[in-house]
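This is the structure I want to talk about, given as structure tokens.
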Protein chains: 2
Amino acid sequence: MSDPICPGSIERLLEILEGKWTLLLLRHLFNGIKRFGELRRALHPISPKTLTDRLRLLEERGIVTRTVYSEVPLHVEYQLTERGRRLEPIFIAMGVWVQSEASDPKNELVSKSLSS
Amino acid sequence: MSDPICPGSIERLLEILEGKWTLLLLRHLFNGIKRFGELRRALHPISPKTLTDRLRLLEERGIVTRTVYSEVPLHVEYQLTERGRRLEPIFIAMGVWVQSEASDPKNELVSKSLSS
DNA sequence: CAGTATCCCATTTGATACTG
DNA sequence: CAGTATCAAATGGGATACTG
């Protein structure tokens with residue numbers, strides 16, 4: 001109880017971040033507004049179904065907005081909401097970790113994959 | 001290419017964080033050395049199989065160490081490695097997000113679950 | 001105590017073809 | 001272009017009982 005863990009709420013976050021492609025998808029959205037096709041290419045070889053599923057879920061969770069432009073060549077834009085943008089520090093921290101990995105020489109890593 | 005995304009490496013991180021219980025599990029390990037039973041109770045109702053699977057995976061990835069004490073009542077301790085501890089900023093960032101959620105009144109949230 | 005061994009089920013993800 | 005519809009395949013997770 002001296003434990004600063006606030007259960008339930010972190011799970012709200014897990015519901016957002018879970019899924020094989022979600023982190024990768026969000027990373028791209030931090031770079032700005034993206035269209036379905038762009039994301040699909042960026043996350044290749046993700047299937048359209050999976051991409052749609054993820055985007056819909058993020059939409060429901062209030063992380064991204066979906067804007068349809070019914071003009072001649074139809075297109076749709078996905079953009080992070082404010083709530084979504086508040087996730088950025090998490091990704092920045094992830095980037096820092098990745099950097100620390102790259103620069104740290106004593107990466108003992110997986111002995112398993114080395115022996116095979 | 002102006003995009004600061006370093007592919008491949010972030011996926012190394014995803015391999016570590018993926019899985020239903022991993023985040024929750026790591027959170028507990030940041031609180032110090034834990035024994036199997038402790039983790040099991042803390043993550044209840046996780047199954048022993050799943051807990052073992054996750055711990056083994058984190059071990060392989062160099063995130064935790066497993067120390068066996070073959071004394072009378074056998075016990076095993078799990079502890080974060082240095083590499084594992086470097087993940088903490090990510091969790092702190094997650095905590096910050098959760099806090100921001102709690103304090104932010106304009107949580108539009110899921111319209112779906114509200115209407116049902 | 002700290003797992004392992006099995007078996008099963010549910011959810012995710014993927015492949016592909018088709019549509020407003 | 002941006003999906004949806006379908007069905008199959010893969011994976012992960014869970015329940016339970018047993019063991020060093």
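Here is how names work: the chains are called A, B, and so on, in the same order as the sequence lines, proteins then strands, and each is numbered from 1.
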Would you indicate, yes or no, if C:dC1 has its OP1 or OP2 atom less than 4.0 angstrom from a side-chain nitrogen or oxygen of B:R35?
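The answer is no; no side-chain N or O of B:R35 sits under 4.0 Å from OP1 or OP2.
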Hey, what bend do you get for the helix from C:dC1-D:dG20 to C:dG20-D:dC1 if you fit axes on five pairs at each end, rounded to 10°?
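Both end axes considered, the difference amounts to 60°.
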Please work out which residues in residues 51-58 of chain B have a non-hydrogen atom less than 4.0 Å from an atom of DNA chain C and list them by number.
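Only B:T52, B:R56 qualify.
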With sequence neighbours left out, write down each residue that passes salt bridge (Lys or Arg N to Asp or Glu O under 4.0 Å) with A:E88, or none if nothing qualifies.
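Applying salt bridge (Lys or Arg N to Asp or Glu O under 4.0 Å) to A:E88 gives none.
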Just jot down the side-chain hydrogen bond (donor to acceptor under 3.5 Å, both in side chains) partners of B:T65, sequence neighbours excluded, or say none.
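B:T65: no side-chain hydrogen bond (donor to acceptor under 3.5 Å, both in side chains) contacts found.
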Does a side-chain heavy-atom distance below 4.5 Å link B:R12 with A:E101?
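No, their side chains stay 4.5 Å or more apart.
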Sorted by first residue and then second, give each ring-ring contact (aromatic ring centres under 6.0 Å, His included) pair with at least one member in residues 52-86 of chain B; sequence neighbours left out.
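Of all non-adjacent pairs touching residues 52-86 of chain B, those that pass ring-ring contact (aromatic ring centres under 6.0 Å, His included) are B:Y69-B:H75.
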side-chain N/O B:Y78 vs C:dG3 OP1/OP2, d < 4.0 Å
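Affirmative; the distance criterion is met.
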So, A:E77 and A:K34, do they make that salt bridge, N to O below 4.0 Å?
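Judged by the 4.0 Å cut-off on N to carboxylate O distance, A:E77 and A:K34 do not form a salt bridge.
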Contact list please: residues 64-73 of chain B against DNA chain C, heavy atoms, distance less than 4.0 Å, in numerical order.
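Residues of residues 64-73 of chain B under 4.0 Å from DNA chain C: B:R66.
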Contacts of B:R40 that satisfy side-chain hydrogen bond (donor to acceptor under 3.5 Å, both in side chains) - sequence neighbours left out
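Partners of B:R40 by the side-chain hydrogen bond (donor to acceptor under 3.5 Å, both in side chains) criterion come out as none, since no residue qualifies.
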Length of the line joining B:K34:NZ and C:dG3:P, which is rounded to integer Å:
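Roughly 16 Å, once rounded to whole Å.
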Just wondering, do A:L23 and B:L17 contact through their side chains at under 4.5 Å, heavy atoms?
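A side-chain contact under 4.5 Å is absent here.
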Grab the CG-C1' distance between A:L43 and C:dT12 for me, whole Å please.
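These atoms are roughly 16 Å apart.
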Nucleotides 15-20 of chain C: which of its N/O atoms have a protein N/O under 3.5 Å away?
none

From CG of A:L23 over to P of C:dT12, roughly how many Å is that when rounded to an integer?
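About 16 Å, once rounded to whole Å.
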What is the distance, to the nearest angstrom, from the NZ atom on A:K20 to the P atom on D:dT11?
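One finds 8 Å between P of D:dT11 and NZ of A:K20, rounded.
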Could you work out, with salt bridge (Lys or Arg N to Asp or Glu O under 4.0 Å) as the rule, every residue matching B:K49, not counting sequence neighbours?
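B:K49 satisfies salt bridge (Lys or Arg N to Asp or Glu O under 4.0 Å) with B:D53 once adjacent residues are dropped.
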Considering only residues two or more places apart or on different chains, which pairs with a residue in residues 30-55 of chain B satisfy ring-ring contact (aromatic ring centres under 6.0 Å, His included)?
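For residues 30-55 of chain B, and leaving out neighbouring residues, the ring-ring contact (aromatic ring centres under 6.0 Å, His included) pairs sorted by first residue read B:F30-B:F91.
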Just the rounded figure in Å: distance from C1' of C:dT11 to CH2 of B:W21.
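That distance rounds to 15 Å.
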For A:V72, check side-chain contact (heavy atoms from CB on, under 4.5 Å) against everything at least two apart and list the hits.
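Partners of A:V72 by the side-chain contact (heavy atoms from CB on, under 4.5 Å) criterion come out as none, since no residue qualifies.
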Listed partners of B:T52 passing side-chain hydrogen bond (donor to acceptor under 3.5 Å, both in side chains), at least two apart
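Here no residue qualifies.
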For the pair B:E60 and B:R56, find out whether any cationic side-chain nitrogen is under 4.0 Å from an anionic carboxylate oxygen.
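No, B:E60 and B:R56 are not salt-bridged.
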Please confirm whether the backbone N or O of B:T81 pairs with a side-chain atom of B:R86, one donor and one acceptor, at under 3.5 Å?
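No.
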Rounded off to whole Å, could you give me the CD-to-P distance for the B:E18 and D:dG13 pair?
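Computing the B:E18:CD to D:dG13:P distance gives 8 Å.
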